[in-house]
Each structure stands twice: as structure tokens, then as C-alpha cells.
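See below for the structure under consideration.
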Amino acid sequence: MKGETEKQADYNLFERVQNGDMVAFNELVEKYKQRLMNVITRMIQSNEEAEDIVQETFVRVYQHRASFDFKHCFSTWLYTIALNLARNELRKRKRFKFFDIFDLKGNEAEIAVEMDMPSNLPQILQKAVDTLPEKYKTAFILRDIEELPYEEVAKVMNIPLGTVKSRVNRARALLREKLKPRMEEYNALSKGTLLPVSLL
Amino acid sequence: MRCRKVRSFLSAYSKSELTEARHRAIFEHLESCPECRRMEAGFREVNGALKKIPAAQISADFNSRLLSRITDERYREVRTKAFLPKQAPVIGMRRMAPVLATFCLMLAFVLTGGIEKLLVPDQEYMVAQQDAPLNELDNRYMTVTPDAGRTLSQHESKHWRFDRQVARANRVRGYMNQLAGANTFGGTAPWSPDRKTLLDRLGLGFNTTYRHQPIIRTYIAPQTDGVKEVQQIY
């Protein structure tokens with residue numbers, strides 16, 4: 001019910017945008033920019049580039065506002081544009097691989113360094129999410145971080161519903177496996193143990 | 001339910017995404033299986049940590065930069081509409097394609113001297129015309145059938161003027177023969193026109209005015225007995 005109301009509100013706003021109302025456009029930007037940033041930043045692991053992509057998404061929405069089909073959900077359309085742009089960016093990166101001096105340490109080493117500080121669990125989890133394969137990561141971010149319904153994730157990713165469920169399940173299992181040892185340490189410390197479980 | 005099957009549902013269980021019946025079945029299994037319970041706790045930990053992941057940072061000038069880009073976009077749209085109507089190039093090219101093709105063909109025709117060929121008569125044809133007249137006229141005169149003129153038209157013959165004159169001559173010949181009683185069996189046929197009508201048709205009637213100079217000055221009418229010469233009809 002809440003979803004339907006939100007959907008209708010988006011339609012109303014977008015109709016106003018189609019009629020040239022920039023206030024309505026600004027409202028849509030305010031409503032969705034943080035959500036898009038959350039998804040795209042996690043996808044491409046760069047805040048500046050994610051911001052550029054989110055900007056480009058809104059510009060594309062404005063450019064193609066006349067071609068929007070009201071049969072579809074506005075947020076689905078928006079996420080699809082953003083994800084396509086992010087995928088293009090990732091593809092471009094693969095083609096022209098840039099080396100950062102910090103990358104030379106290796107991602108795993110960085111995770112390990114951060115994992116030595118169990119109090120920073122969300123950051124550790126974020127790093128673990130970054131290491132997931134792209135197809136699992138996209139489904140996982142949209143479902144578990146953005147909390148979109150499975151049906152919408154399927155539409156955004158243009159894959160069957162069953163495939164989405166399976167990918168999300170697989171991503172969760174992978175994350176749990178990656179974090180398992182550190183989680184135990186974290187739990188032990190949070191229960192007042194002075195030393196990590198592995199040293200006991 | 002076996003452990004292996006239960007474990008495939010544990011992540012969904014931890015998120016409460018299962019149906020009520022399956023949820024209850026897994027709950028009952030977890031109560032009796034410490035290993036699966038530990039796994040389920042792992043999923044819960046991950047879920048809890050996910051909620052604590054900080055939101056991505058957005059720079060303070062995000063909106064102003066976006067507004068600037070949208071303004072550029074609006075300006076470009078207005079400028080495009082002002083100088084180039086929407087979809088005009090596509091439709092224009094579709095409509096212009098046959099026009100351009102015709103224009104190119106016409107240009108090629110002019111450049112290769114096609115117009116001159118059209119305007120200036122063919123010299124060979126002109127020479128043939130000059131040489132032909134006598135023989136052709138004779139031949140046509142002798143071979144023409146009485147009603148041939150009626151079927152001739154400007155489009156059917158290059159020599160339509162000549163043919164028309166021949167046809168008229170044939171008609172005149174027919175009328176003269178009727179006046180003279182020829183082509184009848186011993187007198188005027190019941191279906192033949194009367195004398196007044198024939199004279200009218202010949203342009204000799206009371207109310208008839210002759211508008212064209214006939215080419216026939218002398219006509220030799222075939223008769224049953226001997227040759228009768230009809231001279232100076234008009």
C-alpha cells in the first residue's frame with residue numbers, strides 16, 4: 001500500500017516535470033539522490049565517480065522525460081538508468097585499467113588490516129561487499145541495502161525473479177563465509193572478553 | 001527437515017522472507033540443531049551490520065552542479081526547437097529524397113544535352129520528310145481505305161495532318177460517288193443520305209461554310225463503265 005502511494009506520488013511529480021515544472025524535478029532529485037548514491041558508490045567504490053554517475057542519471061531522466069512510459073515504475077526506470085551507467089563505467093575501467101598506489105597493497109590486505117579492528121564491523125562488511133562478484137553484488141545491494149522488493153530488483157536487472165532470489169541468497173552466504181571468523185572475534189569482544197577468540 | 005535444506009533457507013529466514021509454514025518448520029529445526037543455529041546467528045549478525053553501514057557522502061554542491069547541467073540542457077532544447085523543428089530533419093530527408101533524385105536526373109539530362117535533342121528536330125528525320133512526301137503521299141492516297149480517317153488520331157500517326165486530309169478526301173469521294181449513284185445497285189440505296197445532306201457534307205449546302213482548303217483538286221472516281229473525271233469540286 002505504501003509502495004503504491006509512493007509510486008503514485010512519483011507519477012504525479014514526473015507528470016509535472018514533463019510539463020516543465022523544475023520544482024517537481026528538484027523534489028524527485030531530493031528524494032532519490034541519496035538512494036542512488038548508496039547503490040552506485042557501492043557498485044563502483046568511488047565517491048566522486050558515483051556522484052558523476054548520479055548526476056548523469058538525472059540529466060538523462062530530464063533529457064528523456066517525454067519517453068517515459070507510465071506503465072512502469074519511475075524508481076525502476078531511474079535505477080535501471082543508473083545501473084547501466086555504472087556498468088558502462090566498470091566496463092571502461094576494465095578496458096583502461098588505472099593503478100592507484102594504495103591498490104598495490106592488495107584488497108585482501110586492506111580488508112585484513114581493517115578486520116583487525118572489530119569495532120569497525122560495518123566498514124569491514126562494506127569491504128567484503130566490494131569483493132563480491134558483480135552480478136551478486138548488484139542484486140545484494142538493491143535487495144539488502146536499498147531494500148527494494150525482489151520484483152523491482154528483477155525489473156531493474158532485467159532478470160527472472162527466481163534468479164534474483166538465488167543471487168541474493170548466494171551473496172548472503174558468501175558474505176557470511178567471508179565474515180565468519182571476524183564475526184566470532186567481534187562477538188567475543190562485545191561480550192567482554194579481552195582477547196580475540198582465536199587467542200584464547 | 002534436513003540440515004542441508006534448512007541451511008539453504010537460513011538467509012531468507014533471518015530476513016523473515018519465508019512463508020509462515022516454512023518459517024515455522026525451520027524454527028523447529030533450529031531449536032534442535034546447534035550448528036544450524038550458529039549459522040543462522042551469522043546471518044543475523046550480517047543483517048545487523050548492514051544496517052549500520054554509513055550512507056554514501058554527497059558533496060554540498062551536488063544540487064547546484066546538477067542544476068547547472070539541467071539549465072544547459074534546457075537551453076540546448078530551446079535553441080534546437082528555435083532553429084531546427086523537432087523531427088524536421090528525419091521527415092525532411094524522407095520527403096526530400098525523391099525530390100532530390102528527380103532533380104539529379106533532370107540535371108544529368110540537361111548536362112548531357114537532352115533538352116537540345118528535344119527542341120531541335122532530328123536532322124535525319126527532317127531529310128527523310130523532305131524526300132518522302134511525294135512517294136508517301138501517293139502510296140497513302142492509293143492505299144487508304146474509305147473510313148481510315150475516322151480512326152486516325154494525332155497520337156496514332158506522326159503524319160496526322162496528312163492522314164486527316166486523306167480521310168477527308170475519302171469521305172468526299174464517298175459522298176461524290178453517292179451523288180453520282182456509284183456503289184449502289186441500280187440507283188440510290190434506301191439507307192443512303194439524300195442529296196441535300198450529301199451536299200451539306202461536301203460543304204456545298206446552303207448554310208454550309210467551308211473553312212479549310214481541301215487538298216484535292218482533281219479526283220479520279222472509279223466507275224463501272226469507263227473513267228469519269230470530276231474536276232474542281234469546290
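Proteins get letters first, then strands, A, B, ... in listed order; numbering begins at 1 in each. The model shown is predicted, which means the values in this text are computed figures rather than measured ones.
- With a 4.5 angstrom heavy-atom cutoff, B:Arg7 does not touch chain A via any of its atoms.
- Between the side chain of A:Asp21 and the main chain of A:Val23, a donor-acceptor pair closer than 3.5 Å is present.
- In this structure, the side-chain contact (heavy atoms from CB on, under 4.5 Å) partners of A:Ser46, at least two apart in sequence or on a different chain, are A:Glu48, A:Glu49, A:Arg93.
- The local environment of CZ in B:Phe27 is sparse, with at most 12 non-hydrogen atoms from other residues, nucleotides or ligands closer than 6.0 Å.
- Between the side chain of A:Asn47 and the backbone N or O of B:Gln57 there is at least one donor-acceptor pair closer than 3.5 Å.
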**Study point:** CA sep, side-chain torsions, deciding dist, call: A:Asp130, A:Lys137, salt bridge (charged side-chain N to carboxylate O under 4.0 Å, His left out)
**Key:** CA-CA 7 Å; A:Asp130 293 346; A:Lys137 185 162 61 177; 5.1 Å; no
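- The most heavy-atom pairs under 4.5 Å with chain A, out of B:Glu17, B:Glu73, B:Lys51, come from B:Glu17.
- For the residue pair B:Tyr13 / B:Arg22, no side-chain donor-acceptor distance below 3.5 Å is found, with atom types taken as modelled.
- Residues of residues 146-164 of chain A lying under 4.5 angstrom from chain B, judged on non-hydrogen atoms, are A:Tyr150 by number.
- The choice from A:Val39, A:Val129, A:Asn169, A:Leu175 that makes the most heavy-atom pairs within less than 4.5 Å of chain B is A:Asn169.
- No more than 12 heavy atoms of other residues, nucleotides or ligands sit less than 6.0 Å from atom CE of B:Met106.
- A search for side chain to side chain donor-acceptor pair (under 3.5 Å) contacts involving A:Glu89 returns nothing, not counting sequence neighbours.
- Among the candidates A:Glu51, A:Arg42, A:Gln126, the residue making the largest number of heavy-atom pairs closer than 4.5 Å to chain B is A:Glu51.
- Using a 4.5 Å cut-off between heavy atoms, A:Arg170 does not touch chain B at all.
- A:Tyr62 carries A:Arg65 over the face of its six-membered ring, with the cationic atom under 6.0 Å from the centre and within 45° of the normal.
- The main-chain N or O of B:Ala56 is found under 3.5 Å from a side-chain atom of A:Asn38 such that the two form a donor-acceptor pair.
- Side chains of A:Arg87 and A:Asn84: a donor-acceptor N/O pair is present below 3.5 angstrom, by distance only.
- Neither the backbone nor the side chain of B:Ser14 has a heavy atom closer than 4.5 Å to any heavy atom of chain A.
- Note on A:Arg60 versus A:Glu56: salt bridge recorded, some NZ/NE/NH1/NH2 to OD/OE distance being below 4.0 Å.
- Chosen from B:Ile70, B:Asn63, B:Leu67, B:Leu10, the residue pairing most often with chain A at heavy-atom distances under 4.5 Å is B:Ile70.
- Not one N or O on the side chain of A:Arg176 forms a donor-acceptor pair closer than 3.5 Å with the backbone of B:Val46.
- Remark: aromatic rings of A:Phe70 and A:Trp77 are distant, center separation not under 6.0 Å.
- Listed in order of number, the residues of residues 25-35 of chain A that approach chain B to under 4.5 Å between heavy atoms are A:Phe25, A:Asn26, A:Val29, A:Glu30, A:Lys33, A:Gln34.
- Per-residue counts of heavy-atom pairs under 4.5 Å with chain B were compared for A:Val59, A:Thr41, A:Val168; the largest is that of A:Val59.
- Across B:Gly48, B:Ala12, B:Pro54, the residue that shares the most heavy-atom pairs under 4.5 angstrom with chain A is B:Pro54.
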